[in-house]
Protein chains: 4
Amino acid sequence: MSSFPSSRGRPRDPRSHEAIVSAATELVIEVGYAATSIGAVAARAGVGKDTVYRRWRGKPELVFEAVFTTTDHVPAPDTGTLAGDLTALLRSLVEEFHAPAAAAALPGLLADFAADPVLKARIRSDFLAPSKERLLIVFERAVARGEIAADTPVDLVLDTLAGAVFFHVGLVGERPDRQLAGRLAAVIAKGIEIR
Amino acid sequence: MSSFPSSRGRPRDPRSHEAIVSAATELVIEVGYAATSIGAVAARAGVGKDTVYRRWRGKPELVFEAVFTTTDHVPAPDTGTLAGDLTALLRSLVEEFHAPAAAAALPGLLADFAADPVLKARIRSDFLAPSKERLLIVFERAVARGEIAADTPVDLVLDTLAGAVFFHVGLVGERPDRQLAGRLAAVIAKGIEIR
Amino acid sequence: MSSFPSSRGRPRDPRSHEAIVSAATELVIEVGYAATSIGAVAARAGVGKDTVYRRWRGKPELVFEAVFTTTDHVPAPDTGTLAGDLTALLRSLVEEFHAPAAAAALPGLLADFAADPVLKARIRSDFLAPSKERLLIVFERAVARGEIAADTPVDLVLDTLAGAVFFHVGLVGERPDRQLAGRLAAVIAKGIEIR
Amino acid sequence: MSSFPSSRGRPRDPRSHEAIVSAATELVIEVGYAATSIGAVAARAGVGKDTVYRRWRGKPELVFEAVFTTTDHVPAPDTGTLAGDLTALLRSLVEEFHAPAAAAALPGLLADFAADPVLKARIRSDFLAPSKERLLIVFERAVARGEIAADTPVDLVLDTLAGAVFFHVGLVGERPDRQLAGRLAAVIAKGIEIR
DNA sequence: GCGTAATCGAGACGGTACGTCTTGTCTTTAG
DNA sequence: CTAAAGACAAGACGTACCGTCTCGATTACGC
């Protein structure tokens with residue numbers, strides 16, 4: 001797709017990219033987000049610091065890509081009921097937030113994003129976009145089934161789902177018990193259903 | 001027994017305490033949580049750094065006290081319906097998270113608390129305890145009215161409410177529109193009501 | 001002799017004085033002059049810092065008293081010859097500078113005295129006075145014997161003796177070999193003798 | 001062999017080096033050795049603290065280089081007599097110790113060197129080496145002339161000369177009167193001469 | 001095949017924050 | 001008034017990281 005070779009001079013080594021991302025992921029898991037420094041990432045990747053800064057504007061962007069680009073692009077669930085779909089959706093959200101690197105990185109990462117006006121605007125798109133896409137499909141089907149109103153506020157529900165999972169799993173550190181997704185889905189589904 | 005050990009030596013000057021807390025609040029508002037340093041707080045308070053470290057173990061503890069000890073000790077709402085009570089509760093939660101200092105401090109503060117095992121254990125008690133107390137009362141009344149089951153999971157609901165508000169207001173930075181509390185309360189109330 | 005009781009209120013505890021001096025001596029030996037702090041001395045002496053500052057103006061004065069008040073007031077040597085007397089005098093000087101506490105304290109102590117205008121004026125009197133007294137007597141006898149001129153400059157000779165011992169023993173850290181005093185005395189004696 | 005390892009990475013800026021040395025010299029003169037801090041030196045040099053610590057292990061090493069690398073490499077004096085040569089040698093020693101920066105730095109500097117085992121071993125080589133070299137030449141000539149014995153102890157004489165000057169000029173702070181070098185040289189020369 | 005130019009690893013650079021230490025003073029209670 | 005205890009303002013300590021910069025050395029492209 002159109003990669004425009006603005007290429008003069010030596011092209012960037014793709015192996016560096018991958019080495020940096022791996023090093024970042026490992027460090028976040030091993031020492032945490034706060035103690036993960038660009039210098040340490042570069043050193044572990046066997047790379048100069050500039051090679052990192054040439055590709056990412058800073059630690060938040062780098063760690064975000066390192067940790068959250070495993071977004072496998074799961075298709076939207078289709079269990080036949082809103083509650084079922086939300087359960088599935090929440091299950092993958094819990095899984096995503098509970099993965100070692102994500103759990104270690106999320107609070108600090110969100111804080112850094114929130115602190116920078118430019119990055120703050122990207123929280124919705126970067127962190128929530130994939131989930132929102134799937135939630136939209138789930139809602140479409142639920143509307144078609146007559147379960148929910150057509151104007152059910154997607155963003156508010158999404159914030160609620162993500163916020164609940166983030167608080168419960170990421171912050172409070174509760175081990176995500178098996179029933180969490182189901183129970184939360186049940187409450188929200190019932191809460192937004194028409195009848 | 002009886003020997004009160006803290007009465008030896010010069011007592012801590014309460015004016016220092018207050019000056020530090022004020023300086024911390026101001027700095028968090030002016031430059032943000034990340035850029036607020038203990039040294040700068042001490043300097044603005046006209047105090048030595050030791051005087052800060054003598055009272056707080058670090059920035060997270062200090063800023064937490066500075067920003068969240070306005071615990072107004074509001075009584076639990078009693079509007080007659082669960083939805084009404086939750087609306088009131090959420091309104092004060094939104095207000096609390098949206099206050100200048102709190103909004104500036106929250107993401108970074110939660111990140112620092114989450115990164116330290118000792119502090120992480122205190123998130124629930126320090127940040128959520130007051131709200132939980134009031135939610136418990138609201139639930140008691142709702143149970144008495146027959147609106148909800150006696151075993152409705154308080155912590156899960158609280159995490160959901162707090163998480164939703166934190167994500168919507170604190171992170172995504174949405175200006176908290178007037179209807180937010182009401183809409184969210186409606187969804188949750190309906191979601192957990194028996195019928 | 002005549003302790004005038006200017007005493008109102010609680011009198012100073014002489015045991016404190018001794019405890020402080022002992023603690024200072026020990027610390028100087030154990031951790032060196034630079035690392036010996038008033039606070040540490042007070043703590044080891046089981047005494048408040050003020051109790052130290054009430055008696056001494058600072059570390060230099062305290063350590064000086066702790067380390068150099070063992071000046072036993074040895075009588076001036078009288079061996080019958082200038083060279084012999086100087087040898088004896090130098091021997092006690094070497095011994096004094098080489099004692100554990102003195103060796104550890106001297107360089108830093110002299111530096112602190114030299115850095116403070118008030119104390120600097122006291123180096124000659126505090127450190128060198130006892131030796132000068134004895135040297136004067138030695139010189140008187142040598143003048144009487146006709147070995148040296150009556151106007152032989154005592155201060156210059158004393159500075160030379162003390163400086164040589166300080167450099168050789170205190171700074172360069174040479175173990176003071178047995179012959180040092182004799183050899184140095186021989187050179188100086190011969191150097192100042194009339195013939 | 002041949003692979004010169006220090007050619008990797010950005011080379012150290014010699015202007016920083018010079019700026020630091022100048023700043024150190026100025027500060028020592030203005031506020032004294034004790035009050036000269038690495039931080040203040042760095043600030044005045046317009047340089048980060050790391051840039052200082054990258055080149056010197058600490059204040060003693062830095063100040064030593066700043067103050068005593070004016071090693072003019074004066075040739076050994078050759079006046080025809082031992083007394084004359086020693087006078088010349090002492091004159092330059094007095095001059096060196098009496099220079100503004102040196103006089104301000106010497107006592108503290110020697111104390112810091114003496115306090116550190118590693119540095120202590122370097123006092124003889126760093127501070128005294130240039131003088132010793134010249135004294136050796138002076139001695140050689142005096143031996144050739146038959147003035148002194150071949151085994152006259154250079155180190156002891158050097159310690160005596162340096163110690164005397166240090167005590168008289170550096171510590172006691174006597175203004176170095178014009179005759180000092182001559183008088184001291186006369187005593188020592190006479191003291192070590194064969195006849 | 002040759003210059004131009006961007007990238008590479010390395011590490012120096014000016015800043016700034018860290019949390020601890022020491023200084024000499026001050027303020028409490030106890031004697 | 002002294003004593004022990006310890007708080008207080010000030011500021012230095014040496015380390016870490018930040019994001020930028022300057023090296024010499026590669027490695028591609030367009031000519």
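Values in this document were obtained by computation on a predicted structure and should not be read as measured data.
- The interatomic distance linking D:Lys59 (NZ) with F:dC13 (C1') rounds to 11 Å, in whole Å.
- In the interface, the side chain of D:Arg10 is paired with the base of F:dC21 through a donor and an acceptor atom under 3.5 Å apart.
- Nearest heavy-atom pair across C:Val28 and C:Ala101 is CG1-O, 3.6 Å.
- Summarising the geometry of A:Ala103 relative to A:Pro107, their closest heavy-atom pair is O-CD, 3.6 Å, with the distance given to 0.1 Å.
- Distance, B:Ile38 CD1 to F:dG11 P: 19 Å, rounded to whole Å.
- Going from atom CG of B:Asp116 over to atom P of E:dG19 covers 12 Å, rounded to whole Å.
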Please list, one pair per line, the donor and acceptor atoms closer than 3.5 Å that link side chains of residues 11-20 of chain D to other protein atoms, with sequence neighbours excluded.
from    : atom 1 : to      : atom 2 : distance (Å)
D:Arg12 : NH1    : D:Arg54 : O      : 3.4
D:Asp13 : OD1    : D:Arg15 : N      : 2.8
D:Asp13 : OD1    : D:Arg15 : NE     : 3.3
D:Asp13 : OD2    : D:Arg15 : NE     : 3.4
D:Asp13 : OD2    : D:Arg15 : NH2    : 2.9
D:His17 : NE2    : D:Glu65 : OE2    : 2.8

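- If you check residues 39-58 of chain C against DNA chain E, the residues with a heavy atom closer than 4.0 Å are C:Gly39, C:Lys49, C:Asp50, C:Tyr53, listed by number.
- For F:dC8, one of the phosphate oxygens OP1 or OP2 lies less than 4.0 angstrom from a side-chain nitrogen or oxygen of B:Ser16.
- The stretch residues 30-42 of chain D participates, sequence neighbours left out, in these side-chain hydrogen bond (donor to acceptor under 3.5 Å, both in side chains) pairs: D:Glu30-D:Arg44, D:Tyr33-D:Asp112.
- Between D:Ala42 and D:Val52 the shortest heavy-atom distance is CB-CG2, 4.0 Å.
- Considering all non-hydrogen atoms of both residues, D:Leu109 and D:Pro60 come closest at CD1-O, 3.4 Å.
- Place B:Arg12 and D:Thr36 on DNA chain F by their nearest nucleotides, and B:Arg12 ends up nearer the 5' end.
- In this model, the phosphate group of F:dC29 is not approached by any side-chain N or O of A:Arg8 to a distance below 4.0 Å at OP1 or OP2.
- The separation between C:Leu62 atom CG and E:dT23 atom C1' is 14 Å, rounded to whole Å.
- The interatomic distance linking A:Asp13 (CG) with F:dA28 (P) rounds to 9 Å, in whole Å.
- Atom CD1 in B:Ile20 sits roughly 8 Å away from atom P in F:dC8 (whole-Å rounding).
- Annotation for B:Gly58 and B:Ile38: closest pair C-CD1, 4.1 Å, computed over non-hydrogen atoms.
- Of the side-chain N and O atoms in D:Ser37, one or more sit less than 4.0 angstrom from OP1 or OP2 of F:dC13.
- Between the CG atom of B:Asp112 and the P atom of E:dG19 there is a distance of 10 Å, given to the nearest Å.
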